[in-house]
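In what follows, a single structure is set out as C-alpha cells and then discussed.
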Amino acid sequence: MVESHLLDLLRSRFSAAIATVLGDNAAPIDPLIRVSQDAKFGDYQCNAAMSLAKRLSAKPHDVAKRIAESVDLGDIAEPLEIAGPGFLNIRLKNDFLAAHIADILAGSDEFPGRLGVAPTAQPLRVIVEYSSPNVAKLMHVGHLRSTILGDVFGRVLSFIGHDVIRQNHVGDWGTQFGMLIAWYADHPMPSDSVDFLAATEEDYKLAYAKFREDAEFAERARLAVGRLQSGDPDARCVWQQICRASRAAFLATYRQLRVLLTDEDVRGESFYNGRLADCVESLRRLFPQREPGIPTPSEGFAEFREDAGAQCVFLYDAKGQPRYKGPDGNELPVIVQKKDGAYLYASTDLAALRFRAQDLKVDRIIYVTDARQKLHFQMFFGIARLAGWAPPSLRLDHVTFGSVLGEDGTPLKTRDGQNVKLHELLEEAVARAAAVVDENEARRAAEPGYTPLAAEERARIARAVGIGAVKYADLSRDRNGDYLFSFDRMLSMQGNTAPYMLYAYARIRSIYRKAAERDSTTASPSARLTLSAAAERALALRIARFGEAIDIVAADLLPHVLCAYLYDLAADFMRFYEECPVLQADGATRASRLRLCDLTARALRLGLDLLGIETIDRM
Ligand code: ARG
C-alpha cells in the first residue's frame, strides 16, 4: 500500500527502526513524528528517543543515535541530525519531495484526484445529524452553524471513504402543533413561499398568546394535539401542510448554502412517534428500582421512577450517587413522559438512537448542535449506554459549537431584538459581495487587455463569494468558541477569508490559463518538477501535507484546521509567486513552476470543496 502522506510514511519507517532498537518481541511504539515548527529543525522530527531512553536506561542522545542508524530512509531524507537532548530532525530530500508530489499527488497513483489522501482502511457507517431546524419556525443562526459544520463533516468523512448517512432531525412534532391546528381552523394558512416560515412563526406567537388568555381556545388546542396523535385526518392535513411548506423553505436555504441535505435526509421527530411508547416501556423494564444492599456496577446504573406524575429515568454513578443535579441540588432525571402522557425531546432522541443502532446498523453517530444542549446529550447517551441500545462498539459524538455574536458581542439579533432571518442574512451577504466584485472590476478596468465580465458572470461570482464568505467565516474559527458575525470582516480581501482564498485560487487559474494559451507544451501535467528555490520547496512541502490537514479534520471534526492549512498554502503560493517568476522563466523551469501552480490550485479547490465552498475561475 502507498502511505497516504509523508507523516504516515515517516511513522512506518521510524516504527520499524524503533522495533529494531528495542528487540524482537517489544510491542509497537508510537514514533512521535511531529511537524517541525521551525524550518531550522528540518521538516519533521522524531521525538521518541526521550521516552525510550528511560525504558532502555540509556541516554536519550544515544537512543536517538541508534534509531538514526537503524532507520531505513533510503532516498527520502538527508542524513538525520540529532538536536537538543535527542530530537531527530528530518529533512526531506528535494528530489524525493518533488517525485512524491508529482506522482502521488498528481493522480498517476492509486488514488487519482485525491491529492494523496488514501481512502480509509476501515470504512464505517456514520450518521451525521445536522441542521435539524423546527418546522413552522425560521431557521436561526444556531441552525446556520449546525448546517454549515455538519455539512463539512459529511463531506470529509465520505471523502475519506466512510458510508455517510445524513439525517435532518427536523422538529416536526410536539404540543405546539395543537395551537397551530386550532389557529388555522379560524385563520388562513400562509401560502407556500419563502416567507411561509416567517408567517407561521408570527401566527404561532399569536396562537400562543390566545392559548394563555382564552380557555376555550386552549381546550381546542389540547384536543387538537390528541387528534393529531391519534391520526385524525383533518388535524393531520393541517400538520402535513405546515411540514411540507417548512421543508420546502429549508431546502431552498440548503440550496442557497450549497449544503448537501436533501428531502430524503429528513427524518423528523414525528417519524419516531410510533416507537415512543415501546421505548418508554422498555426503559421501565430495563431499569427497575434497585434493592438496597446489592453492589453497584462500575458503569453505574439507572432507575425508572415516577416523579411528580412524570415518568423519569434517574442516573447513578458507581458509588450509587446521582450523576446529575439541578441548580437546587436535587437529583435531575431525564423525563421521558409527562404527567399528561405526552412524550418529550429526550424520549424522541432515545427512540431515534435505538432505531439508528438497530435498524440502520450504524457504527457511529455524530450530532451537531450548539453547546447549550450538552447536558441533554450527556444524559440520554448515558441512558442509551446502560440500556444496551448504544453498545460499546457504537461511537457517539455530540459535536458542539459556540454562539454567533453580533458586532456588539451579544448573540446576533436584529435591531428590534428579533432572531435574524437566515435567508435575509444570506441575501445581504450576496449583495455586499456584489459590491466587492464591482470594486475589483473597476480596478481591473484600468489594466491593459481588460475584458469586462458579463452581468450573469458577475452575479455568479457574487453568489459564490457572498455565500462562501458566510460559510468560511464560520468554519475558519475553532467551533468551540463563539464567533463574531461581521460582514466587513468576512468580505475583506485580506486575511483568512473566503474572498482572499477565492481570489488566490482565481489568480493561480489565470496564470495557468495564460501560460497554456501562450504555449500549451509547457503547461503539461507530466512536466518534471524541480525544487531549487526555497519558496518552491516550501510550497511543495505544503502541498504534500494536504492529507495531514484532512486527517485532523476527520479525527477531531475541526474544520478550522483545514482553513488554516489552505490559508498557509495560499500564503506559500504568494511568496513563491513573488520570488519565482513563472511566465518569464524558460523551458524546464517554467514547466516545473506551472505544475506547482496547478497542484496548488487543485489542493485549494479540493480543500474548499470539502468545506462546501464553490471556487470560481475568475474574480
Ligand atoms: N430541533 C432542535 C433545535 O432546534 C435540534 C435537534 C438536535 N438533534 C437532536 N437529535 N436532538 O434545537
Side-chain angles (χ1 to χ4, degrees), residues 126-151 153-154 164-177 180 197-198 200-201 204 239 242-243 246-247 249-251 253-254 259 261 265-273 275-276 279 313 334-336 342-360 362 364-385 387 389-390 394-404 411-412 419-422 479 557:
V126 185
I127 285 183
V128 183
E129 188 214 275
Y130 65 107
S131 196
S132 309
N134 300 320
V135 308
K137 269 193 190 172
L138 285 165
M139 264 166 104
H140 58 72
V141 279
H143 296 123
L144 177 67
R145 293 205 84 181
S146 167
T147 307
I148 293 175
L149 286 161
D151 205 51
F153 305 152
V164 171
I165 303 179
R166 293 178 176 78
Q167 292 282 278
N168 193 353
H169 191 78
V170 167
D172 60 358
W173 203 244
T175 43
Q176 77 272 27
F177 286 103
L180 281 173
L197 295 178
T200 45
E201 188 166 313
Y204 178 73
W239 170 76
I242 297 172
C243 291
S246 300
R247 243 165 38 195
F250 297 149
L251 286 176
T253 302
Y254 298 149
V259 157
L261 283 172
D265 304 320
V266 176
R267 194 173 264 132
E269 293 183 9
S270 62
F271 174 84
Y272 304 101
N273 183 43
R275 299 165 191 260
L276 298 176
C279 182
V313 179
V334 173
I335 307 177
V336 290
Y343 298 102
L344 297 99
Y345 190 52
S347 347
T348 306
D349 263 322
L350 282 163
L353 192 153
R354 200 180 178 198
F355 170 77
R356 292 165 179 182
Q358 293 173 2
D359 294 50
L360 300 182
V362 296
R364 181 179 182 188
I365 311 176
I366 297 171
Y367 299 83
V368 192
T369 84
D370 71 62
R372 287 170 307 178
Q373 298 202 32
K374 243 181 200 152
L375 185 62
H376 163 74
F377 279 89
Q378 259 172 29
M379 292 176 92
F380 91 79
F381 284 178
I383 296 177
R385 291 276 183 220
W389 296 343
L394 172 61
R395 177 167 170 189
L396 299 175
D397 292 288
H398 180 215
V399 178
T400 59
F401 48 83
S403 310
V404 182
L412 188 67
N419 276 333
V420 176
K421 294 178 186 162
L422 197 50
R479 62 173 163 75
L557 302 175

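Just follow the structure's listing: the first ligand is 1, and inside any ligand the first atom is 1. All residue numbers in this chain count up from 1 along the given sequence.
- No side-chain heavy atom of Val170 sits under 4.5 Å from any side-chain heavy atom of Ser132.
- In the candidate list Gln373, His376, Arg372, Gln373 is nearest to atom 12 (O) of ligand 1, counting heavy atoms.
- Distances below 4.0 Å separate heavy atoms of Asn134 from the following atoms of ligand 1: 1 (N), 2 (C), 3 (C), 4 (O).
- In this structure, the protein non-hydrogen atom closest to atom 7 (C) of ligand 1 is Tyr345 OH, 3.3 Å.
- For the pair Tyr367 and ligand 1, the shortest N or O to N or O distance does not fall below 3.5 Å.
- Relative orientation of the His376 and Phe380 rings is tilted, given thresholds of 30° and 60° on the angle between their planes.
- On a distance-only criterion, Thr369 and ligand 1 share no N/O pair closer than 3.5 Å.
- The shortest heavy-atom contact between Asn168 and Tyr130 is OD1-O, 3.5 Å.
- Aromatic ring centres of Phe271 and Phe355 lie closer together than 6.0 Å.
- Against a heavy-atom cut-off of under 4.0 Å, Phe377 is close to the following atoms of ligand 1: 9 (C), 11 (N).
- Looking only at protein heavy atoms, the nearest one to atom 10 (N) of ligand 1 is Asp349 OD1, 2.6 Å.
- Salt-bridge check for Asp370 with Arg145: failed, with every basic side-chain N at 4.0 Å or more from each acidic carboxylate O.
- Taking every heavy atom of His169 and a limit of under 4.0 angstrom, the matching atoms of ligand 1 come to 8 (N), 9 (C), 10 (N).
- Here the closest heavy-atom approach between residue Pro133 and residue Tyr254 is recorded as CD-OH, 3.6 Å.
- Nearest-heavy-atom check against atom 4 (O) of ligand 1 across Glu129, His143, Lys137 picks out His143.
- Shown here is Leu251, whose CG atom has more than 12 heavy atoms of other residues, nucleotides or ligands within 6.0 Å.
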